[in-house]
Amino acid sequence: MEVSPISTCTGFHHIHPRATPLSFPLTPRISTTSSSRGRGSRRSSAAAATPTLVDISCNDPQNGCAVDAQRRHSKAYLARKNAILQVQQSPHLDSALQRLGGVLKVQDLNVILRNFGQQRRWQDLSQLLAGGMKVKDGYSKALELVQELNYNGLQMDSVMYGTLLAVCASNNRCEEAQSYFNQMKDEGHSPNIYHYSSLLNAYASGGNYKKAEELVQDMKSSGLVPNKVMLTTQLKVYVRGRLFEKSRDLLVELDTLGFAKDEMPYCLLMDGLAKTGCIDEARSVFNEMKEKCVKPGGYSYSIMISSFCRGGLFEEAKELAEEFEAKYDKYDVAISNAILCAYCRAGEMESVMRTMRKMDELAISPDYNTFHILIKYFCKEKLYMLAYQTMEDMYRKGHQPAEELCSSLLFHLGKIKAHSEAFSVYSMLKYSKRTMCKAFHEKILHILIAGKLLKDAYVVVKDNAKFISSAAIKKFAKSFVKLGNINLINDVLKVIHGSGYKIDQRLFQMAVSRYIAQPEKKDLLLQLLLWMRGQGYVVDSSTRNLILKNGHLFGQQLIAEILSKKHMRSKALKSHWMTNG
DNA sequence: TTAGGGTTAG
């Protein structure tokens, strides 16, 4: 595998002093064997890459201007601004509203609604609207909303309903949208074209074309004429409902009305067709669009490239990616991902690296998909360390890698003896919010034992003993007692005993041998002997002889007493225990 | 101040 293209990117983000440099693992450390770096050094490089709050605030030349601007506003205005911020940031929205509702005007609530909608804080939004009610129960929630707003002396206005309907639609909350729409009408607001298209958009997610058609009729009879957005949204309804004949007819209608001059309606249809497996039909819509001199852009290419990738047509995907690159110069993260995916699937390493550099130059931040595509690709090319570095970068940027990806990478890292990197992947999954399959713990345990990372192995066993087979526990115990940190041997024995595993005489004898080899740890041996006896373990004769033979190392009297069942509570033993235990 | 489109997935 030729890896030099990656090395040429080394230190790219040091050359470009941008605010958010793309830190792909474009490093010269590429190797298919284990890196010699310890985990500590990786952490410090991560820390160096993350700017601190101090860095940011000290470099903010606009701070002063903001303060001046604030001074020019009235007190009431500032109070409202402040109230908006407080409501947005409050973890208890209903109480914040109760406290601040008197200050807020209708337009302020709109600001808050939009903000939550943009951030997809659906839970917050429904809490804001329903005073903490469950997200379900759309209709009663609408009633709660009225109560909540009335309580705060506020009433929904037409624009607010517009925002709210749009939020419902983009969150697939069809029932809620309908309910708010009705409520709005009940309150005497007549719906305008914005309300109708939002509700129509809400119907699209369920492909509910019957209701959609009724709504369009309803709108027409109220005297409104469907415009480009309305008809395009209706096309979306048909596409989502897989009514492709109706979709085509509507596209013709849009075209006749002069509403199909941009690629959007074509994109809707192509995407729907491709996702239903009709890739040939999608391709012909794409070509038809080009023939009609509709200017294609990132969306249509991204749909087609991704569809080809999904359908296994990697060469065609690659060709389309190249065509896009040759003809267009507008990139964003979605088209970049589609292009990356095409090159990855076609195995075009040079092009993958070129695309990564281009993203870097254009300051396009990689997102979850970018990382996912790249890690999968690097794994496929057996560039496991590069895949690992990419995953680390992904994690640092706040994305949680999927379990299957972690599992596969962890397995390969183990194979190439990158033990600590494998453990790092395990930890990323463990500390993310994702679920972890139970077998994962045992997998990493074997890798850690192979890499003699016994302290980490101990932590894994301690936290997950119930998910680990007794054979693996036994293997761990043997390795640890033989090679692990002597100060932890007793703890390890206690943990594996606690997990239901019986400590056999061989293991016990191994522990005793470790203590004999290091007589300064005699207290640990004494504690072990006491603990074992407390748990009902019997010292067999060979171990007993071994201890007695080396009794001078530990204090003959103590040893004799511990090994003697009759003097369990002797004075000497007690005082020893008090001072050293 | 309110409306429509694209990306992972052996």
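What you see is a predicted model; the values in this text were computed from it and never measured. In what follows, every chain begins at residue 1, and chains take the letters A, B, ... in the order their sequences are listed.
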Is A:L165 touching bases, backbone alone, or none of the nucleic acid, heavy atoms closer than 4.0 Å?
nothing
Considering every strand and a 4.0 Å limit on heavy-atom distances, what is the contact class for A:Y301: base, sugar-phosphate, or nothing?
nothing
Rounded interatomic separation in angstrom, taking CZ from A:F286 and C1' from B:dG5:
14 Å
N-O pairing of A:D360 and A:R357 below 4.0 Å
no
Relative to the ring of A:F371, is the ring of A:H399 parallel (under 30°), tilted (30 to 60°) or perpendicular (over 60°)?
tilted
Rounded to whole angstroms, how far apart are CZ on A:R345 and P on B:dT7?
15 Å
Mind calculating the distance between CG (A:D271) and P (B:dT8) to the nearest angstrom?
10 Å
Rounded interatomic separation in angstrom, taking CD1 from A:I373 and P from B:dG6
16 Å
Could you give the CE-to-P distance, from A:M304 to B:dG5, as a whole number of Å?
19 Å
How are the rings of A:Y368 and A:H372 set relative to one another: parallel (under 30°), tilted (30 to 60°) or perpendicular (over 60°)?
tilted
Shortest side-chain distance from A:D157, nucleotide among B:dT7, B:dT1, B:dT8:
B:dT1
Check: B:dG4 base within 3.5 Å donor-acceptor of A:T233 side chain
no
Nearest of B:dT8, B:dT7, B:dA3 to any side-chain atom of A:A166?
B:dA3
Under a 4.0 Å threshold between the charged nitrogen and the carboxylate oxygen, would A:K327 count as salt-bridged to A:E323?
yes
Do the side chain of A:S198 and the base of B:dA3 come within less than 3.5 angstrom through a donor-acceptor pair of N or O atoms?
no
Answer whether the closest heavy-atom distance between the side chains of A:S300 and A:Y266 falls below 4.5 Å.
no
Using a heavy-atom cut-off of under 4.0 Å over every strand shown, decide if A:K275 touches base, sugar-phosphate, or nothing.
sugar-phosphate
Within residues 249-268 of chain A: residues closer than 4.0 Å to DNA chain B (heavy atoms):
A:E263, A:M264, A:C267, A:L268
Give a yes or no on this: more than 12 heavy atoms of other residues, nucleotides or ligands lie within 6.0 Å of atom NZ of A:K290.
yes
B:dG10, OP1 or OP2 - any side-chain N/O from A:K376 closer than 4.0 Å?
no
How is A:S306 classified with respect to the nucleic acid when contacts are heavy atoms under 4.0 Å: base, sugar-phosphate, or nothing?
sugar-phosphate
Using whole Å, what does the distance between atom P of nucleotide B:dT1 and atom NE2 of A:H189 come to?
18 Å
Thinking salt bridges, do A:K318 and A:E315 make one under a 4.0 Å N-O criterion?
yes
Measuring only between side-chain heavy atoms, which start at C-beta, is A:F244 closer than 4.5 Å to A:L273?
yes
From the list A:F286, A:F308, A:Y331, ring-ring contact (aromatic ring centres under 6.0 Å, His included) with A:Y301 holds only for A:F286
Write down the distance between CE (A:M270) and P (B:dG4), rounded to a whole number of angstrom.
20 Å
Strand contacts (DNA chain B) in residues 210-230 of chain A, 4.0 angstrom heavy-atom criterion:
A:N227, A:K228, A:V229
Specify the separation, in whole Å, of atom CG of A:L235 and atom C1' of B:dA3.
15 Å
Do A:K292 and A:D255 touch side chain to side chain, with heavy atoms closer than 4.5 Å?
yes
Answer yes or no: is there an ion pair linking A:K246 with A:E213, defined by an N-O contact shorter than 4.0 Å?
yes
To the side chain of A:Y299, which of B:dT2, B:dG6, B:dT8 is closest?
B:dG6
With respect to the side chain of A:N369, which nucleotide from B:dT7, B:dG4, B:dA9 is positioned closest?
B:dT7
Quiz item: A:D332 side-chain donor-acceptor pair to B:dG6 base, under 3.5 Å
yes
Within the structure, does a side-chain N or O atom of A:R310 lie under 4.0 Å from either OP1 or OP2 of B:dG10?
no
